[in-house]
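Input: a single structure, listed below in structure tokens.
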Number of protein chains: 2
Amino acid sequence: MTEPETAPRRAAPSTLREVGLRAGVSAMTVSRALKDDPRVAPETKQRVREAAAELGYRRNEMARSLRMGRTSGMVGLVVTNLANPFYSQMALGAEEVVAERGMKVVLSNTDDDEAREREVVDDLAARRVDGMIVVPAGREQAHLGPGPLSGLPVVLAARPPSGVVADCAVLDDVGGTREAIARLVADGHRRIGFLGPSATWTSDERLRGYRSVLGEAGIAVDARLERCSQRDVPSAERAAAELLDLPDPPTAIFGANSRNTIGAYRAIRRAGRTGVALSGFDDFDLADMLEVPLTVVAYDPGDMGRAAARLLLDRIDERPGADSSEPRRVVVPTRIVSYPGGAFG
Amino acid sequence: MTEPETAPRRAAPSTLREVGLRAGVSAMTVSRALKDDPRVAPETKQRVREAAAELGYRRNEMARSLRMGRTSGMVGLVVTNLANPFYSQMALGAEEVVAERGMKVVLSNTDDDEAREREVVDDLAARRVDGMIVVPAGREQAHLGPGPLSGLPVVLAARPPSGVVADCAVLDDVGGTREAIARLVADGHRRIGFLGPSATWTSDERLRGYRSVLGEAGIAVDARLERCSQRDVPSAERAAAELLDLPDPPTAIFGANSRNTIGAYRAIRRAGRTGVALSGFDDFDLADMLEVPLTVVAYDPGDMGRAAARLLLDRIDERPGADSSEPRRVVVPTRIVSYPGGAFG
DNA sequence: TTGTACGCGTTATCAT
DNA sequence: ATGATAACGCGTACAA
């Protein structure tokens with residue numbers, strides 16, 4: 001396997017004209033030949049193909065987009081934290097749908113920083129992406145509106161629009177939580193602790209689902225059982241420990257995300273409590289291998305990415321002139337999964 | 001917050017000329033004004049800025065790249081499976097370094113399919129990315145060489161080059177494994193099981209590390225203790241169970257990846273064995289909460305993404321004419337982490 | 001201080 | 001069956 005001399009390292013990409021020069025035809029004929037245009041003589045086509053191959057010619061998609069229209073064949077994907085498996089799986093789902101159309105995903109991570117979000121969104125618009133999927137960092141997204149972005153299609157993911165009209169794909173936070181809490185209530189629990197992260201839309205929704213089920217069951221809300229400021233496992237564990245230390249402790253604990261559920265698990269195990277039911281939003285690896293029974297609200301993050309991508313592609317397909325239809329909202333379903341716990345009994 | 005009437009949904013992006021028309025100057029003056037060129041009269045600048053704002057003007061980066069040179073400000077990132085936290089964290093690391101330079105990452109997932117890899121690589125080249133980071137799907141990457149890609153800079157990640165000359169960033173598979181196995185040997189273990197996935201470069205390396213330590217310790221390799229075809233937890237659990245059922249079972253088991261380690265854990269627990277040491281490559285969530293002591297080879301996947309991105313940027317910065325230097329290889333370090341197990345004793 | 005001409009690589013349109 | 005021309009949006013070089 002020796003390097004052919006015709007392909008020096010870092011050659012400037014060759015152009016239609018160069019291929020034409022080599023094949024003894026014009027750039028236009030090359031363009032047509034490579035597109036297999038029937039009007040080009042088969043013999044010419046052959047010559048052109050050979051010349052193109054020898055030169056390692058590859059069509060310049062940027063120049064092509066410029067000439068063809070305003071479509072780059074790229075969609076922007078802006079996420080808050082790609083290291084979070086939720087968002088990376090979502091990204092994969094979106095990429096899957098976008099790739100099916102031969103389009104590409106341009107990725108940006110914002111680290112939940114609104115200023116950074118504005119920058120990357122602007123940059124993506126300047127690169128003329130055909131649309132973007134955004135997991136918004138802030139509570140409000142006026143900067144993503146048709147005004148600021150000249151009508152560039154935007155779909156929100158994971159959080160619904162606020163201060164802007166846009167399609168979105170969100171999880172069934174309320175429904176999923178309601179189902180899990182309803183199970184606890186059906187099992188006879190009346191004192192159910194709720195552990196969640198500090199105010200985020202998603203966590204608020206889950207708290208709302210929790211309260212609504214309690215209300216419907218005629219159970220008074222006890223503020224001491226609601227702890228909503230834990231962002232990591234250690235703080236969640238402390239909060240859970242405090243719940244268990246109450247004079248009238250909960251008989252069940254619900255974690256609004258996996259970190260809170262895991263923290264609760266640690267507290268329960270450490271306190272040596274048995275009979276405290278554990279439940280939570282988010283499935284996680286090894287959830288089936290804990291030493292206590294666990295019921296989780298599970299879902300496929302990829303579904304959200306796919307749904308968001310489909311919403312976006314629909315918008316991109318809309319005739320630019322046409323009056324846009326009402327904003328759409330896709331709610332990604334959740335399902336309840338129960339693990340018996342003590343897997344090896 | 002009402003929509004300004006000047007920004008209809010899905011307006012065609014405005015151009016320098018349109019802004020100029022509105023401001024009563026030529027396109028050239030607009031270009032200069034927006035770049036804050038000192039030669040433009042402050043008053044003109046002001047008019048231009050207003051006109052640009054009113055029209056929601058945004059520079060067309062694609063047209064700009066076309067005019068300016070052959071650089072798009074984008075790098076391709078081709079991974080086999082973004083749903084795998086390893087690759088998504090790697091992607092985040094790469095994005096971080098690339099974004100620092102004001103460049104963008106174009107993402108593609110190959111699902112470990114070589115044909116798909118060829119397609120996306122070709123597409124990225126056609127989009128004139130400035131370079132690409134590739135986690136190769138196959139054992140051989142001649143199609144990523146300077147010939148096929150006209151010298152477009154390519155950095156391999158996770159696997160070293162084969163059939164091609166290229167920079168790469170890889171994990172210290174051998175070193176990490178050696179360290180873990182050496183600990184087991186130091187603890188007196190002489191029968192150590194090895195569980196790995198079917199032939200992959202990474203797994204072969206880890207097996208090599210395992211064997212080398214045994215050899216140096218004068219321990220004969222026992223083929224029955226090496227099981228290398230488990231790709232998921234259930235099959236790993238079965239393989240581990242078979243090891244434990246041997247007449248002369250291992251006193252320690254090493255998993256070449258987290259799925260194999262978890263499978264081994266399940267088998268150990270299910271068999272009710274105590275005293276079987278567990279170790280493995282890859283850290284994972286809840287590794288600290290298992291019921292047996294566990295020692296893992298840990299590392300930061302983001303390091304690999306960052307290293308690969310830096311290698312790539314260095315290549316991109318090389319003077320295109322300059323003779324390229326020797327290929328570089330960055331080895332991302334690993335570290336040993338021990339969890340006592342039975343966290344709640 | 002501002003404008004004109006030209007070209008980046010491609011393709012639609014109109015010749016030949 | 002093939003070529004010439006123009007234009008996509010921008011920036012360099014030069015002119016005014």
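Remember, it's a predicted structure, so these values are computed and weren't measured experimentally. FYI, side chains are in, hydrogens and waters are out, and symmetry mates aren't considered; it's all heavy atoms of this structure. Convention: sequence-line order gives letters A, B, ...; per-chain numbering from 1.
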Worksheet item: A:Y57: what forms a ring pair (Phe, Tyr, Trp, His ring centres under 6.0 Å) with it, not counting sequence neighbours?
Response: none
Item to complete: Could you tell me which residues satisfy salt bridge (charged side-chain N to carboxylate O under 4.0 Å, His left out) with B:D167, sequence neighbours excluded, listed by chain and number?
Response: B:R315
Run the side-chain hydrogen bond (donor to acceptor under 3.5 Å, both in side chains) test against [X] and tell me which residues pass, sequence neighbours left out.
{"X": "A:R59", "answer": "A:E61"}
{"X": "B:D314", "answer": "B:R328"}
{"X": "A:R116", "answer": "A:E119"}
{"X": "A:R306", "answer": "A:E96, A:D300, A:D303"}

Response to the item:
Footprint ends on DNA chain D, 5' to 3', for atoms under 4.0 angstrom from a heavy atom of chain B, come out as D:dG9 to D:dT12
Worksheet item: Which pairs, with at least one residue in residues 12-21 of chain B and sequence neighbours excluded, count as a salt bridge (charged side-chain N to carboxylate O under 4.0 Å, His left out)?
Response: none
Worksheet item: Considering residues at least two apart in sequence or located in another chain, which fulfil the side chain to side chain contact (heavy atoms under 4.5 Å, CB included) criterion with A:L66?
Response: B:N60, B:A63, B:L66
Sequence neighbours left out, cut at 3.5 Å: what donor-acceptor pairs do the side chains of residues 159-166 of chain A make with other protein atoms?
from	atom 1	to	atom 2	distance (Å)
A:R159	NE	A:P136	O	3.0
A:R159	NH2	A:P136	O	3.4
A:S162	OG	A:R139	O	3.1

Discussion item. For a quick check of understanding: with a heavy-atom distance under 4.0 Å over all strands, which category does A:S65 fall into, base, sugar-phosphate or nothing?
Written reply: nothing
Worksheet item: Can a salt bridge be assigned to the pair B:R49 and B:D36 using a cut-off of 4.0 Å between side-chain N and carboxylate O?
Response: yes
Item to complete: Dot-bracket for DNA chain C, please, read 5' to 3', with Watson-Crick or G-U wobble pairs under 3.5 Å on both distances, ( ) within the strand, [ ] crossing, | other strand, . unpaired.
Response: ||||||||||||||||
Item to complete: Assign a letter to each nucleotide of nucleotides 6-16 of chain C from its 5' end: B, base within under 4.0 Å of a protein heavy atom; S, sugar-phosphate only; -, no contact.
Response: -BBBBBBB---
